[in-house]
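Structure first, then comments.
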Amino acid sequence: MRDESHPFASRSAFQVFYMQWRKPILNFVLTMVKDQRIAEELTQDVFLKAYRNRDTFQDGSKVTTWLWSIAKNTSLDHLRRKAEVPLYVDAQGGDVSIDLMDQELSAEQKLIEATDRSRIDHCLGLLPDATREVIALRIHSELEYQEISDLMGWPLGTIKTEIFRAKQQLKKCFATQEGDPDEI
Amino acid sequence: MKYDFFQAIRKKREVDPSSDFDQKFWSRFDAEFAPPPSILGRLISTSLLVPRSPAFATAFLLLIASYIFFANRNQMEPGLGDGSVALESLQLVEDLEFAEGLEDDLLVLADDEDWEDLLQGVVDET
């Protein structure tokens, strides 16, 4: 018997869950598919799939991790249908610290503040699909690295490396003027 | 609050769902998961629409009135036969009471044939 507050315990509980996560899921999917209309439709699909398959959800696991895995697979299915080619090249690499020194933080903050939204979207769009997926999860999901690792099926070290490399690429891209051929 | 590169990106590029996003979602949700409404439920939900449009209200009232009229008419048509049967029965009871009254008061005996006639609604006026 599920607790009343469990997202699948009742329609009203599911409404609360939906209201809490619809925006992060939408933004994650949007980062992947780059089209708001399609992202909205896919986001609705994510929640419908979650509710449709609520009986297969195992109560011991975390609902949000399950929801994010549905969001990830739904986005990838769409991209696969669109591209009809394999999306992933397996990332390699060891554990890399992503901590920054204080002076770097300040420069980084200024860089992001000076970068407009379309530029950020543009730079994210230049990342390979798999990397963009990891970064989108890092940005929108509030999942721990270990959870992202479990979700992607990649080693934790690989996830950290991907995030570190992507961050360097994004910073370089933000600092580069639009139209520069050396972007990323 | 601790600065986070990715949180900063999120704040910068986060978008809200379209204004009709929720409505579309719950329409899809209800189409798939909501139990089908009962006839009464449909009637109530339809009646809730009535005050929103005078034209619709008029049409709705006409629809209800037509339904009541035809429903009553359908009940009345077979009922005409039932009414005549009821009148015949009443007549028969009166005849029997009359005959019994005759028997009690005037000691006129009704034989089997008379009773048969009475049961068939035939009364000898003489």
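So that the names make sense, note that chain A is the first sequence line, chain B the second, and so on, each numbered from 1. Every heavy atom of this structure was used, including side-chain atoms; hydrogens, water molecules and symmetry mates were not.
Both the backbone and the side chain of T31(A) have a heavy atom closer than 4.5 Å to some heavy atom of chain B. Only the side chain of L26(A) comes within contact range of chain B, with heavy atoms under 4.5 Å apart. Heavy-atom distances place both the backbone and the side chain of D45(A) under 4.5 Å from chain B. Both the backbone and the side chain of E14(B) come within less than 4.5 Å of a heavy atom of chain A.
With respect to chain B, the highest number of heavy-atom pairs below 4.5 Å among I135(A), L48(A), I120(A), L111(A) belongs to L48(A). The greatest number of non-hydrogen atom pairs below 4.5 Å with chain B, out of M19(A), R52(A), E41(A), is found for R52(A). Interface summary for chain A: among K24(B), R28(B), R13(B), R10(B), the most heavy-atom pairs under 4.5 angstrom belong to R13(B).
Scanning all heavy atoms of the two residues, the minimum distance from W66(A) to A50(A) falls at CH2-O, 3.4 Å. Between D16(B) and Q36(A), the shortest heavy-atom distance links the atoms O-NE2, 3.2 Å. Across every non-hydrogen atom of L151(A) and K72(A), the tightest pair is O-CE, 3.4 Å.
Ring centers of F29(B) and Y18(A): at least 6.0 Å apart, outside the cut-off.
Side-chain N/O atoms of Q44(A) and E40(A) include no donor and acceptor closer than 3.5 Å.
Under 4.0 Å is where a charged nitrogen must lie from a carboxylate oxygen, and between R138(A) and D4(B) at least one such pair does.
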